[in-house]
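Right, one structure below, let's go through it.
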Protein chains: 2
Amino acid sequence: MDRWSTPLLLDQRSKSVKMSFMTTPAPRTPRRSDALSRERIVEAAIEVLDTAGESGLTVRAVTAHLSTGRGAIYHHVTNKDELLAAAADGVISQVMATAVGDEDPRRAVRALALGIFDAIDDHPWVGTQLPRDPLQPAVLQIWRNLGVQLHHLGVAGTALSDAGSALVNYILGAAAQHAAGARRVPDDAARKDHLGRIAAQWAQLDAHPLMRESAALLHEHDDRAQFLAGVDIFLAGVLHRKGGTAPL
Amino acid sequence: MDRWSTPLLLDQRSKSVKMSFMTTPAPRTPRRSDALSRERIVEAAIEVLDTAGESGLTVRAVTAHLSTGRGAIYHHVTNKDELLAAAADGVISQVMATAVGDEDPRRAVRALALGIFDAIDDHPWVGTQLPRDPLQPAVLQIWRNLGVQLHHLGVAGTALSDAGSALVNYILGAAAQHAAGARRVPDDAARKDHLGRIAAQWAQLDAHPLMRESAALLHEHDDRAQFLAGVDIFLAGVLHRKGGTAPL
DNA sequence: ACCTGAACACCGTTCAAGT
DNA sequence: ACCTGAACACCGTTCAAGT
């Protein structure tokens with residue numbers, strides 16, 4: 001399940017200890033003490049992404065973080081794309097592990113969605129990565145966990161495929177939208193200014209009265225609440241279509 | 001409204017005609033005859049994107065297409081990012097112009113959504129571009145057109161913001177998902193093989209019975225129908241929450 | 001004003017050579 | 001087997017120089 005907590009490379013370390021017994025007392029190289037591994041590389045990638053953003057994730061930055069050569073990465077990871085997908089999967093795995101166990105499937109769906117939302121708030125690069133590939137591990141994980149809850153709601157067969165893809169697509173779209181905003185506004189103080197500028201931009205770009213009203217509403221706008229409102233609209237739609245269950 | 005159908009650079013061309021009157025009969029340079037402009041550059045970008053894909057859009061490729069120097073682009077466009085956003089806006093503008101005028105707002109929402117879906121089927125790079133920036137012109141255009149129809153449905157105020165963002169987010173997420181698939185499967189013959197491989201991959205990656213069932217359903221799976229099913233789920237949710245309108 | 005194309009400061013990825 | 005780091009084949013963007 002959790003790829004990230006396994007102890008790393010015990011066999012290799014013990015081998016080097018045995019070797020140092022019959023040679024000089026430990027070569028004292030200036031390199032890092034631990035051996036490289038896929039897990040360590042992905043951890044380093046997450047740290048680079050969290051501090052320098054998605055554009056800061058370069059193979060050179062990761063190798064500097066691990067004090068190794070550029071090519072070493074390619075012994076454990078095939079691609080930079082795969083590295084990004086693995087990093088996103090690492091974050092989503094933790095969310096899925098924490099946001100477990102609610103007996104009410106509707107509450108469970110909300111909890112899963114909010115967990116993903118908050119994770120993207122902390123790691124905006126995850127939000128831009130998720131919509132990039134429907135078959136990446138992180139997306140499959142989201143699909144399965146939501147699918148289970150929808151099944152508990154009594155949805156099955158083609159209806160489950162339709163509902164699941166709708167919910168996943170909504171979450172991925174919202175994730176990307178929110179990530180773009182979170183990327184641009186790092187501190188909470190400049191948030192109000194930022195929303196003001198967006199509202200002005202909307203009003204300027206588009207003279208339609210509906211857009212002006214929406215732009216005005218942006219001022220007292222809560223991304224998290226709006227995200228959850230979307231989840232509830234979706235749930236209402238699913239339950240309404242499968243025959244009148246109790247309203248939310 | 002439509003930036004792309006306007007005749008290009010009438011003033012500049014007529015000026016050069018007037019000039020050639022009093023100088024030698026046209027200098028006969030080996031360069032292109034028309035002057036550069038933002039519109040021409042965006043047109044060239046769309047052509048490059050359609051033939052070479054998103055990774056094929058390089059400033060060098062665009063300049064080769066226009067037989068000009070690299071730096072000339074930056075006289076009309078600030079960025080490569082802005083160029084991509086402008087190209088996506090060009091495609092979406094045409095969709096919005098064609099998918100107008102249905103008196104029934106629910107049918108109008110479906111028509112708009114399907115128009116976007118089909119455009120992404122034709123231009124997969126649009127699907128990956130849209131979720132990248134919520135404030136890009138193409139996304140604002142989608143927002144407004146859907147917002148108008150939701151308003152016709154009787155939704156207003158905060159409910160309109162919530163419903164609009166839910167629908168836009170769903171469409172952007174679905175667009176990205178479908179674009180990834182369409183990018184990988186260019187010809188229609190390999191499509192069945194492709195879905196078979198995906199199904200096998202799902203079944204292999206995930207032993208959960210729900211996922212196995214979903215994987216099996218992938219075989220007789222219609223992206224377009226599933227996309228529309230998602231739109232209907234959201235419409236049902238919106239109408240159900242605002243008080244029982246007639247079921248879809 | 002508009003355009004050119006060399007130059008700059010980067011990339012991801014490969015691969016012979018080392019241990 | 002694992003790692004190194006120089007080398008390769010690219011990028012986006014800038015800018016003095018031309019017209």
Side-chain angles (χ1 to χ4, degrees), chain A residues 8-16 18-20 22-24 26-41 44-45 48-49 52-87, chain B residues 8-9 11-16 18-20 23-24 26-41 44-45 48-49 52-87:
Chain A
L8 303 174
L9 296 174
L10 280 184
D11 47 350
Q12 292 199 11
R13 192 178 289 157
S14 64
K15 177 173 41 167
S16 73
K18 184 166 53 170
M19 293 296 282
S20 69
M22 44 183 71
T23 59
T24 56
R28 273 274 156 246
T29 56
R31 304 183 204 159
R32 77 198 169 279
S33 52
D34 292 347
L36 226 48
S37 71
R38 190 187 147 93
E39 284 79 10
R40 283 186 63 84
I41 292 172
V48 169
L49 284 161
E54 188 182 334
S55 68
L57 181 71
T58 64
V59 178
R60 282 158 172 85
V62 174
T63 55
H65 210 78
L66 294 166
S67 58
T68 182
R70 287 113 178 74
I73 303 287
Y74 294 88
H75 277 270
H76 300 92
V77 159
T78 61
N79 236 336
K80 189 196 164 184
D81 282 355
E82 198 209 86
L83 183 56
L84 229 180
Chain B
L8 302 175
L9 296 171
D11 47 349
Q12 293 198 11
R13 193 178 288 159
S14 63
K15 178 176 31 169
S16 74
K18 183 168 52 169
M19 293 295 282
S20 68
T23 59
T24 56
R28 272 276 156 246
T29 56
R31 304 182 203 161
R32 76 199 169 281
S33 51
D34 292 347
L36 226 47
S37 71
R38 190 188 146 93
E39 283 79 11
R40 283 186 63 83
I41 292 172
V48 169
L49 284 161
E54 188 182 333
S55 69
L57 181 71
T58 65
V59 178
R60 281 160 174 83
V62 174
T63 56
H65 210 79
L66 294 165
S67 59
T68 181
R70 286 114 179 75
I73 302 288
Y74 294 88
H75 276 270
H76 301 92
V77 159
T78 62
N79 237 336
K80 190 195 162 183
D81 282 355
E82 198 209 85
L83 183 56
L84 229 179

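Quantities reported herein were computed from a predicted structural model and do not represent experimental measurements.
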Between atom CG in B:Asn79 and atom C1' in D:dT13, what is the gap in whole Å? 9 Å
Could you check how far OH of B:Tyr74 sits from C1' of D:dT13, rounded to whole Å? 5 Å
Rounded to the Å, how far apart are B:His76 NE2 and D:dT13 P? 17 Å
Which protein N or O atoms sit under 3.5 Å from an N or O of nucleotides 6-11 of chain C?
none

For B:Ala52 and B:Ser55 the tightest heavy-atom approach is O-OG, 4.3 Å
Heavy-atom side-chain proximity of A:Asn79 to A:Tyr74 below 4.5 angstrom: no
Minimum-distance pair of heavy atoms, taken over all atoms of B:Ala72 and B:Leu36: CB-CD2, 3.7 Å
Taking every heavy atom of B:Val48 against every heavy atom of B:Gly56, the minimum-distance pair comes out as CG1-O, 3.5 Å
Provide, to the nearest angstrom, the distance between the CD atom belonging to B:Glu82 and the C1' atom belonging to D:dT13. 14 Å
Taking N or O atoms only and anything under 3.5 Å, show me the protein contacts with nucleotides 16-18 of chain D, one pair per line.
none

What residues, two or more places apart in sequence or in another chain, satisfy side chain to side chain contact (heavy atoms under 4.5 Å, CB included) together with B:His75? none
Could you tell me which non-hydrogen atom of B:Ala35 sits nearest to which non-hydrogen atom of B:Arg40, and how far apart they are? O-CD, 3.2 Å
Distance col, row B:Ile41:CD1 vs B:Ile73:CD1, nearest 0.5 angstrom, shows 4.0 Å
Over all atoms of both residues, closest heavy-atom pair of B:His76 and B:Ser37: CD2-CA, 3.9 Å
Between atom CG in A:Leu36 and atom C1' in C:dT19, what is the gap in whole Å? 15 Å
Between A:Ala87 and A:Leu49, the two heavy atoms sitting closest are CB-CD1, 3.9 Å
Base-paired stretches in DNA chain C with three or more consecutive Watson-Crick or G-U pairs, both distances under 3.5 Å, amount to C:4-8 with D:12-16, C:12-16 with D:4-8
State which residues pass side chain to side chain donor-acceptor pair (under 3.5 Å) with A:Thr78; sequence neighbours excluded, sorted by chain then number. A:Glu82
I need the full list of salt bridge (Lys or Arg N to Asp or Glu O under 4.0 Å) pairs touching residues 58-80 of chain A, with sequence neighbours left out, sorted by first then second residue. none
